[in-house]
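Report on the structure given below.
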Amino acid sequence: MFTDIYSPIHQLKHSARNHVLVKRDDLIDPYISGNKWRKLKYILNDVQKKQKNHIITFGGAFSNHLVATASACARAGLKSTAFVRGEVVSNEMLLLCKLFGMNLIFTDRDSYRNKKLLFNTHFGTASDAYFVDEGGASAEAVRGCTEIIAELPHDIDHLFCAAGTGTTAAGLLKGIHQRKLKTQLHVVPVLKGGDFIADEIYKHTGNIEQLIIHTDYHFGGYAKTPPTLIEYIKKFIADEGMLIDPVYTSKMFFALDDLISNNSFKKEDKIVALHTGGLLGIWGMKDKFIY
Ligand SMILES: *Cc1c(COP(=O)(O)O)cnc(C)c1O
């Protein structure tokens, strides 16, 4: 399952950005999407090594990580349970989780904060249970994401990625340092107050040279999608023939386009954007796309 992957590199088409390349991790798998595939790879290895057979994890009701975990567990023959933040709801993402056999436990926001306590209360005595943090955040996840660098050209000047927790960005930066590349990593946090991402990355890499964080492209905060962003998404998809998601990759591409239009790069600079997937997120926001 985590061996042969399809993640080609495509050139964008629109004249304003036709020198930009995109690493298509969105094409790896429709359900174990993009960076979630990268993050789960060594987590599932560890589960097998420790001879566990039940993954317990955490996420919001529209979490790409939950769908990815449910799908990966079903394929690997593992059980999966998720603590879902908030009141009982049903939506497209949770339907997929259930189809893949995931057991959902809706959890009020206060209890949800203490994930270790939830795990210990419900599964503390279950010897087959394995804890996976929200979003898959872990050293294993960072390790999986470093491998992206090995699949890219080594002479990239600017590499872009979107960030939630910063785990993916940490893996990329680690890969850049390990290979002693000149690449600058441009991280676009999708949450308000994204400066904390630098500390998160530092925890994993111990070095934040070559890291640039663009904190002004959150559009009001996590999963906020004002009309300018929705219009941007519609135009981008029609121009490029490539889907982008409303929560992560659209904010990254918007930032990249904005920096290009402000002449932040030299003409000959080699720019790559990492498409981290998450395309199912469109269905959670389908009412926003009015034509
Ligand atoms: C989860 C997710 C991210 C955020 O990854 P982090 O490692 O938490 O920063 C980025 N893009 C997409 C599409 C995602 O689903």
Side-chain angles (χ1 to χ4, degrees), residues 7 22-43 57-72 82 85 93 96-97 132-148 159-175 185-191 193-205 211 213-215 217-219 221-223 225 229 233 236 242-256 273-285:
S7 174
V22 181
K23 171 71 170 162
R24 298 293 307 273
D25 267 14
D26 58 312
L27 298 179
I28 294 178
D29 189 278
Y31 308 109
I32 315 175
S33 178
N35 65 340
K36 301 307 184 283
W37 188 96
R38 303 282 183 180
K39 288 169 145 192
L40 284 167
K41 178 177 178 181
Y42 290 104
I43 291 175
T57 194
F58 306 83
F62 287 99
S63 165
N64 293 322
H65 164 68
L66 292 191
V67 177
T69 304
S71 179
R85 185 181 58 239
M93 306 293 271
L96 285 168
C97 290
V132 175
D133 211 341
E134 188 172 44
S138 58
E140 287 78 15
V142 173
R143 180 175 170 206
C145 293
T146 61
E147 295 183 348
I148 299 168
L159 174 61
F160 276 77
C161 77
T165 62
T167 311
T168 304
L172 295 174
L173 193 64
K174 206 165 177 175
L185 180 66
H186 294 259
V187 176
V188 181
V190 302
L191 299 90
D195 280 319
F196 77 92
I197 295 280
D199 299 333
E200 281 307 308
I201 294 174
Y202 185 84
K203 277 187 212 159
H204 293 290
T205 60
L211 174 68
I213 301 189
H214 300 282
T215 51
Y217 298 99
H218 55 75
F219 286 86
Y222 183 75
T225 52
L229 186 66
I233 294 170
F236 184 100
M242 178 189 296
L243 290 174
I244 54 177
D245 83 291
V247 179
Y248 295 100
T249 51
S250 57
K251 294 181 182 180
M252 171 193 70
F253 280 114
F254 187 101
L256 175 54
L274 174 65
H275 195 319
T276 41
L279 298 173
L280 296 171
I282 294 172
W283 308 119
M285 295 201 184

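Hydrogens, waters and symmetry mates play no part in the numbers below; they use all other heavy atoms, side chains included. One-based numbering, in listed order, for ligands and for the atoms of each.
Of the N or O atoms in T276, one or more lie within a sub-3.5 Å distance of an N or O in ligand 1. Note: no N/O pair closer than 3.5 Å links Y248 and ligand 1 by distance alone. Residue-to-ligand polar distances place G164 within reach of ligand 1: an N/O pair is separated by less than 3.5 Å.
Using a 4.0 Å cut-off to heavy atoms of T168, the atoms of ligand 1 that qualify are 5 (O), 6 (P), 7 (O). Under a 4.0 Å criterion applied to the non-hydrogen atoms of G278, ligand 1 contributes the atoms 13 (C).
Counted within 6.0 Å of CZ on F219, heavy atoms from surrounding residues, nucleotides or ligands total more than 12; the atom is thus considered enclosed.
Checked for salt-bridge contact, K203 and E200 meet the test: a charged N lies under 4.0 Å from a carboxylate O.
In terms of protein heavy atoms, atom 3 (C) of ligand 1 is closest to N35 ND2, 3.2 Å. At the shortest separation from atom 14 (C) of ligand 1 among protein heavy atoms lies K36 NZ, 2.8 Å. Nearest protein heavy-atom neighbour of atom 8 (O) of ligand 1: T165 OG1, 2.6 Å. Scanning the protein heavy atoms around atom 13 (C) of ligand 1, the nearest turns out to be G277 O, 3.2 Å.
If you look at T167 next to ligand 1, the close heavy atoms, those under 4.0 Å, come from the backbone and the side chain alike. At a 4.0 Å heavy-atom cut-off, ligand 1 does not touch V190 at all.
Using 4.0 Å as the threshold, A169 has no heavy atom nearer than that to any atom of ligand 1. Ligand 1 does not have G135 within reach: every non-hydrogen atom of the residue lies 4.0 Å or more from it. Ligand 1 has K39 within reach: a non-hydrogen atom of the residue lies less than 4.0 Å from it.
At distances below 3.5 Å, not a single donor-acceptor pair connects side-chain atoms of H275 with backbone N or O atoms of G34. Of the possible donor and acceptor atoms, one in the side chain of K251 sits under 3.5 Å from a partner among the backbone N and O of H218. The main-chain N or O of G194 is never found under 3.5 Å from a side-chain atom of T215 such that the two would form a donor-acceptor pair. The closest donor-acceptor contact from the side chain of T146 to the backbone of R143 lies under 3.5 Å.
For the atom pair CG (N64) and OG1 (T276), the distance works out to 8.5 Å, reported to the nearest 0.5 Å.
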Are I32 and L40 close enough, and set up right, to give a side-chain contact (heavy atoms from CB on, under 4.5 Å), and what steps lead you there? CA-CA 9 Å; I32 315 175; L40 284 167; 4.1 Å; yes
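No side-chain heavy atom of H65 sits less than 4.5 Å from a side-chain heavy atom of K39.
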